[in-house]
There are 2 protein chains.
Amino acid sequence: VPAPDPSALARDTLAGDRRALARLMTVVENRSEAARPALAALFPHTGRAHIIGVTGAPGAGKSSLINELAKAYRRRGLRVGILAVDPTSPFSGGAILGDRVRMQELAGDAGVFIRSMASRGSVGGIAETTGDLVKLLDAAGFERVFVETVGAGQAEVDIARTAHTTVVLEVPGMGDDIQVIKAGIVEIADIFVVNKADREGADAVAGLLESMLDLNTGEARRVLQESCLADMVCPPDSYGPDGWRPPVCQTVTSTAQGVGAVVEALEMHWEYLDRSGRRVARERLRAATEVEGILRQELVRRVVARAALADMSALVDRVARRQMDPYSAAEALLARLS
Amino acid sequence: VPAPDPSALARDTLAGDRRALARLMTVVENRSEAARPALAALFPHTGRAHIIGVTGAPGAGKSSLINELAKAYRRRGLRVGILAVDPTSPFSGGAILGDRVRMQELAGDAGVFIRSMASRGSVGGIAETTGDLVKLLDAAGFERVFVETVGAGQAEVDIARTAHTTVVLEVPGMGDDIQVIKAGIVEIADIFVVNKADREGADAVAGLLESMLDLNTGEARRVLQESCLADMVCPPDSYGPDGWRPPVCQTVTSTAQGVGAVVEALEMHWEYLDRSGRRVARERLRAATEVEGILRQELVRRVVARAALADMSALVDRVARRQMDPYSAAEALLARLS
């Protein structure tokens with residue numbers, strides 16, 4: 001098999017060639033330098049897709065919900081892209097077996113493109129690649145692009161910075177567990193979905209979420225400010241549901257109960273972003289997040305290129321023996337870069 | 001209140017002053033430059049603590065298990081530090097209510113120090129601060145230091161790179177859910193604990209884990225290699241249970257059932273690391289991870305210092321309008337740094 005020419009792959013992707021799209025995704029995932037001209041060429045063709053982040057705890061039913069939403073959108077004649085960013089499998093890159101089985105239903109549909117992403121086990125790298133894969137799907141003409149991420153840690157904040165609409169899944173508490181709604185979650189959710197709503201406690205969770213939304217002052221959002229470049233160049237209200245009351249939907253994905261209401265909520269939010277002018281702020285935040293991700297990656301690449309790994313290895317030895325503290329070792333490496 | 005002098009805080013921390021330790025932790029968490037001399041001064045006093053990472057899905061019972069383990073160690077006369085790195089609350093930094101309640105039992109014990117860390121919402125930053133807080137507890141004479149992280153995404157890999165011993169919690173599958181053991185988890189676990197072992201299916205999970213351990217070839221570990229500087233300068237067998245068969249324990253934390261066996265497993269692993277010489281490799285990996293974290297942080301700090309944020313803002317505007325692709329924008333920013 002000859003090495004694929006990314007420029008040709010980009011051209012064929014625009015022309016609707018699924019195989020070219022899949023191959024280009026692999027080039028992007030491999031972080032090949034060759035992907036860059038292709039991404040640059042496709043970039044002006046992006047900006048049409050509604051990018052929908054779906055987050056929630058493992059087992060909350062994210063994949064099943066996306067599966068049902070995708071089927072609903074297909075009935076409306078829209079093309080659907082799905083990126084399953086599954087950082088719960090940082091090594092193998094494999095999706096959870098059950099999810100894969102459920103996703104099979106859509107696999108034969110030419111109007112659907114599903115990609116299960118391996119996490120590369122590298123801090124910061126996942127978000128960057130996700131953004132590029134979203135762009136590929138967008139340029140290829142998929143009008144709704146779902147990005148599934150596990151609801152934990154940085155991934156949630158990343159998705160809020162990457163998507164136009166962030167859907168947060170909750171499930172009723174199980175057994176004797178105390179129902180937990182995470183602090184700060186109302187700051188990033190545009191739509192709440194209480195899944196497995198046939199279980200006891202669904203109304204209680206929905207009620208708890210509504211109370212949290214009543215109390216939400218937007219204060220916590222400012223915490224994000226100090227942490228990253230993107231937040232420094234975007235106003236604090238760039239994300240979060242400012243001026244939009246996030247609806248709290250209830251679904252049972254096994255019977256598709258309540259899925260229609262989620263589709264309506266998604267469409268209403270998309271219209272709201274346009275009507276209110278807030279889509280511009282979101283696009284800016286998305287752009288800033290992406291530039292920052294590339295910047296971080298590139299800075300580390302420079303260290304690898306300029307500092308000999310042997311040097312780093314020697315410094316690490318000294319730190320491990322407690323002859324040098326780690327800050328001094330990092331400074332010594334940085335000194336070699338300037 | 002006058003601003004604390006970090007050098008004095010470091011001295012008082014070594015002398016066993018809890019209040020000084022707490023204040024120094026705040027200085028570290030705030031990422032103040034003032035923390036560095038204090039950390040450098042304390043660094044030679046580190047290296048005595050057994051650092052134990054505890055990871056698992058939200059709701060698996062990590063806090064409850066740590067609570068019981070801490071009580072068991074206290075009965076043995078050992079001092080225990082606990083860092084609850086809770087990235088599931090990226091905004092408020094608050095721990096889950098139920099966990100806080102359970103942890104109260106230990107709060108009055110002078111031989112225990114508990115710190116709940118706020119995630120700062122910043123990629124890469126959590127791991128760095130965790131390492132520094134661990135060092136503070138180590139220098140302050142806590143002989144066993146538990147680091148609790150949610151078992152998702154990067155956090156699991158980070159903990160495996162930071163701890164001497166990594167404990168992975170699993171729980172029996174709930175209801176109709178397919179029992180999922182994450183791919184790659186056997187690569188990082190030194191000890192497995194099936195918690196909530198009074199639930200149906202505990203033996204099945206334990207059996208599944210044993211089968212996975214039987215099949216483990218160590219192949220997946222190599223995937224980590226390509227992703228980060230630390231892995232580039234440390235051999236692939238620096239972490240993971242090479243030469244050590246991870247025991248699979250079963251616990252019911254509400255009755256402390258099985259907790260004693262986990263303590264025994266922890267002590268055996270600590271002895272194993274010394275006896276086999278593998279503790280040296282772990283210390284090296286820990287050092288490399290720390291140096292890399294500081295390096296990443298410092299590189300971004302340079303960008304903020306040298307590139308005007310106004311410049312970045314203007315570039316981000318162009319990307320958001322699709323007049324410039326994000327790679328070109330990142331390159332333009334990098335060009336200003338050299």
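Just so we're clear, the structure is a prediction, and the values are computed from it rather than from any experiment. In what follows, chains carry the letters A, B, and so on, assigned in the order in which the sequence lines appear, proteins first and then strands, with residues in each chain numbered from 1.
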Excluding sequence neighbours, so at least two apart, what forms side chain to side chain contact (heavy atoms under 4.5 Å, CB included) with Ala34(B)?
Pro6(B), Ser32(B)

Any idea which of Pro326(B), Ala320(B), Ala287(B) has the most non-hydrogen atom pairs under 4.5 angstrom with chain A?
Pro326(B)

Within-4.5 Å side-chain heavy-atom neighbours: Val291(B) and Val319(A):
yes

Quick check for you: to the nearest 0.5 Å, what is the distance between Glu292(B) atom CD and Met312(A) atom CE?
5.5 Å

Considering all heavy atoms, the nearest Phe43(A)-Met324(B) contact
CE2-O, 3.0 Å

From Ile294(A) CD1 over to Asp325(B) CG, what is the distance, rounded to the nearest 0.5 angstrom?
7.5 Å

Counting only heavy atoms closer than 4.5 Å, note whether Thr46(B) contacts chain A via side chain, backbone, both or neither.
both

Proximal component of Leu42(B), with respect to chain A [non-hydrogen, under 4.5 Å]
neither

If you measure from CZ on Arg322(A) to NE2 on His45(B), what distance do you get to the nearest 0.5 Å?
12.0 Å

